[in-house]
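Here the structure is a predicted model, which means the values were calculated and not measured. All heavy atoms count here, side chains included; hydrogens, waters and symmetry mates do not.
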Amino acid sequence: MAFDLFLHKGAFIWGCSSKPHSQLDSHSGGLTDNLRYQLVHKCTILSVLAQKAAIPVEDEKPLVHSPPDDNALLHIHNKGFHKDINMLPKPLTSIDVSSSASDGSKVRVAYQGLPGAYSEDAALKAYPKCETVPCDEFEAAFKAVELWLVDEAVLPIENSIDGSIHRNYDLLLRHRLHIVGEVQLRVNHCLLGLPGVAKEELKSVVSHPQALAQCEMVLNELGVDKIGAHDTAAAAKTLAINCLRHNGAIASSRAAKIYGLDILAEGIQDDDANVTRFLVLAREPIIPGTDRPYKTSIVFSIEEGPGVLFKALSVFSMRNINLAKIESRPLKQRPLRVVDDSNEGSAKYFDYLFYIDFEASMAEPRAQNALEQLQEIARFLRVLGCYPMDTHV
């Protein structure tokens, strides 16, 4: 039974919703062996490649079409990590999560990206002994939790340099998952290359556009071309498969180990205080406590009017509750509203949803009273989760 906090007819209530029978059946083992067989094949089966050459799939297309260096190719082939790459789990897609089921034998945590991604590092920080499950996109990770393919998902929500990941804010409202934890991960960008290559030999570097921007000073000093990739782990994988001696990649130290690459330089980000905050999502909320620092995440909308937002935020300040995060997103159902219909030009404004993280537990009377007063002002209110704060970066 999932519980949410809603505003309904002027009353502040906890609502509950039963899961679909298909989800309950999959949790209790009611699915056929055929579906179990499909899940095993889609989540863990080896990628089928030709024995004599690695054939790239869509996310493995070479970003540079120059021929590979024969010596580097021979050296890497002798290391044998082409075989290791092919043994890595294939990321789940939205189609996969719609036609598969989990056997529930292990604690499984979904993340977006390939093995070696920073999101996988965050999942392992949250649950060191978990089985990580890669997904090709954020929404696939949400669906994997909803359909009982995995137990939880760990997804980025903001970075200290680049700000919020707006896509995940929108998905939080679209899906019926609960925030049950957070992970703050210090980003340590590494410059990777093929074994035996010096960083001075590099002519181009591949990585996610944000990673390239965050390492701009070092890359400019090297005088290399910057090439965008889907994510940092995909950049490392592309470099390893294509064996291009004069190419480098920016990714994590774990990615270097997974794909058999050398770390040519470590900590190359321009700003050492580079931290990404991740949310841990689950099907059910946790019971909030007061034994440690807690954070509560909510989303609400308000009627337009002078000082209404000020009144909404003041319910926290008058109770000495610190607001850790405020994010606004356009309300999709009412994106624009006309204010003035005069022929000289119409002024328009957006209706907004406000996402707020505040540092208090729902078990505390002050938090309950603050939300009780907020529901008198808000047109819509939902509690996304109450969870322990991650105080270790």
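- Partners of D231 under the salt bridge (Lys or Arg N to Asp or Glu O under 4.0 Å) rule, at least two apart in sequence or in another chain, do not exist in this structure.
- Under the 3.5 Å distance criterion, the side-chain polar atoms of D262 are left unmatched by any main-chain donor or acceptor of G193.
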*asked:* What verdict does the side-chain contact (heavy atoms from CB on, under 4.5 Å) test give for V187 and V275, after you've listed the backbone C-alpha separation in whole Å, the side-chain angles of each residue and the deciding distance to 0.1 Å?
replied: CA-CA 6 Å; V187 177; V275 177; over 6 Å; no
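- The ring-ring contact (aromatic ring centres under 6.0 Å, His included) test applied to F138 returns no partner, not counting sequence neighbours.
- Judged by distance alone, the side chain of R186 and the main-chain N or O of D272 form a donor-acceptor pair under 3.5 Å.
- Between L194 atom CG and E201 atom CD the span is 10.0 Å, to the nearest 0.5 Å.
- A salt bridge links E139 with R167: at least one charged nitrogen is closer than 4.0 Å to a carboxylate oxygen.
- Atom CD in E221 sits 10.5 Å away from atom CD1 in I268 (nearest 0.5 Å).
- A search for side chain to side chain contact (heavy atoms under 4.5 Å, CB included) contacts involving V224 returns L202, V205, L219, L222, not counting sequence neighbours.
- A234 approaches L114 most closely through the heavy-atom pair CA-CD1, 3.6 Å.
- Nearest heavy atom pair, residue S207 against residue I250, reads OG-O, 2.7 Å.
- Proximity of V183 to V280: side-chain heavy atoms (C-beta onward) are separated by under 4.5 Å at one or more points.
- With hydrophobic clusters built from ILVMFWY side chains whose heavy atoms lie under 4.5 angstrom apart, I161 does not share a cluster with I165.
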Show me, pair by pair, the donor-acceptor contacts under 3.5 angstrom made by side chains of residues 308-316, not counting sequence neighbours?
residue	atom	partner	partner atom	Å
S314	OG	F310	O	3.3
S314	OG	K311	O	2.8

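- The two residues A273 and S160 make their nearest non-hydrogen contact at O-OG, 3.0 Å.
- Side chains of L279 and V154 form no contact here, defined as non-hydrogen atoms less than 4.5 Å apart.
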*asked:* Set out, in order, the CA-CA distance, both residues' side-chain angles and the distance that settles side-chain contact (heavy atoms from CB on, under 4.5 Å) for I356 and L323, then state yes or no.
replied: CA-CA 7 Å; I356 288 182; L323 300 183; 3.7 Å; yes
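- For K199, the NZ atom counts as loosely surrounded, since its 6.0 Å shell holds 12 or fewer non-hydrogen atoms of other residues, nucleotides or ligands.
- Here the CG atom belonging to D162 is positioned 9.0 Å from the NE2 atom belonging to H208, to the nearest 0.5 angstrom.
- For the residue pair N274 / N159, a side-chain donor-acceptor distance below 3.5 Å is found, with atom types taken as modelled.
- Contact check for L239 versus V206: no side-chain heavy atoms found under the 4.5 Å cut-off.
- A search for side chain to side chain contact (heavy atoms under 4.5 Å, CB included) contacts involving S119 returns Y111, P156, F278, not counting sequence neighbours.
- Evaluation of the side chain to side chain contact (heavy atoms under 4.5 Å, CB included) rule for N322 yields E359 as partners, not counting sequence neighbours.
- Remark: the backbone N or O of A370 is not paired with any side-chain donor or acceptor of Q373 at under 3.5 angstrom.
- Every residue two or more places apart in sequence or in another chain that forms a side chain to side chain contact (heavy atoms under 4.5 Å, CB included) with N220 is listed here: E216, K226.
- Across A233 and P115, no two heavy atoms sit closer than the pair CB-O, 3.6 Å.
- By the side-chain hydrogen bond (donor to acceptor under 3.5 Å, both in side chains) test, Y387 pairs with R277, S297, sequence neighbours left out.
- The closest side-chain donor-acceptor pair between H189 and Y118 falls under 3.5 angstrom.
- A 6.0 Å sphere centred on CE of M318 holds more than 12 heavy atoms belonging to other residues, nucleotides or ligands.
- K295 meets the salt bridge (Lys or Arg N to Asp or Glu O under 4.0 Å) test with E182; sequence neighbours excluded.
- L124 and V109 end up in different hydrophobic clusters when Ile, Leu, Val, Met, Phe, Trp and Tyr side chains are linked at under 4.5 Å.
- With hydrophobic clusters built from ILVMFWY side chains whose heavy atoms lie under 4.5 angstrom apart, Y355 does not share a cluster with M389.
- Applying the salt bridge (Lys or Arg N to Asp or Glu O under 4.0 Å) rule to pairs touching residues 246-255 yields E120-R254, D121-R254, sequence neighbours excluded.
- Considering CG of D225 and CG of N247, their distance stands at 9.5 Å, rounded to 0.5 Å.
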_Check against side-chain contact (heavy atoms from CB on, under 4.5 Å), E131 and V107_ = CA-CA 6 Å; E131 177 188 351; V107 176; over 6 Å; no
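- Interatomic distance, CG of L191 versus CG of L264, reported as 5.0 Å (0.5 Å rounding).
- Scored by the salt bridge (Lys or Arg N to Asp or Glu O under 4.0 Å) test, E327 finds K325 as partners (sequence neighbours excluded).
- Checking side-chain atoms of R283 against main-chain N and O of V145 turns up a donor-acceptor pair under 3.5 Å.
- The shortest side-chain heavy-atom distance between F354 and I302 falls under the 4.5 Å cut-off.
- Looking only at atom types and distance, the side chain of E152 has a donor-acceptor partner in the side chain of Y127 under 3.5 Å away.
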_Working for side chain to side chain donor-acceptor pair (under 3.5 Å), residues E266 and N188_ = CA-CA 7 Å; E266 195 167 358; N188 181 32; 3.1 Å; yes
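- Of all heavy-atom pairs spanning A122 and L185, the tightest one is N-CD2, 4.0 Å.
- S361 places a side-chain N or O within 3.5 Å of a backbone atom of A363 that can act as its donor or acceptor partner.
- Looking at H178, its side chain never comes within 3.5 Å of a backbone N or O of L281 through a donor-acceptor pair.
- Between R366 and I321 the shortest side-chain heavy-atom distance falls below 4.5 Å.
- Among all heavy-atom pairs drawn from P288 and C386, the shortest one is CB-SG, 3.5 Å.
- The OG atom of S253 sits 9.5 Å away from the CD1 atom of I258 when rounded to the nearest 0.5 Å.
- Applying the salt bridge (Lys or Arg N to Asp or Glu O under 4.0 Å) rule to R319 yields no partners; only residues at least two apart in sequence or on another chain are considered.
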*How far apart are the C-alpha atoms of F142 and N168, what are their side-chain angles, what is the distance that settles it, and do they pass the side-chain contact (heavy atoms from CB on, under 4.5 Å) test?*
CA-CA 10 Å; F142 276 85; N168 283 336; 4.0 Å; yes
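- Side-chain contact annotation: E146 with H175, donor-acceptor N/O pair under 3.5 Å present.
- Side-chain atoms of D136 and Q112 form no donor-acceptor pair, as typed in the model, at a separation below 3.5 Å.
- A salt bridge links R329 and D170; the closest N-O separation between the charged side-chain nitrogens and carboxylate oxygens is under 4.0 Å.
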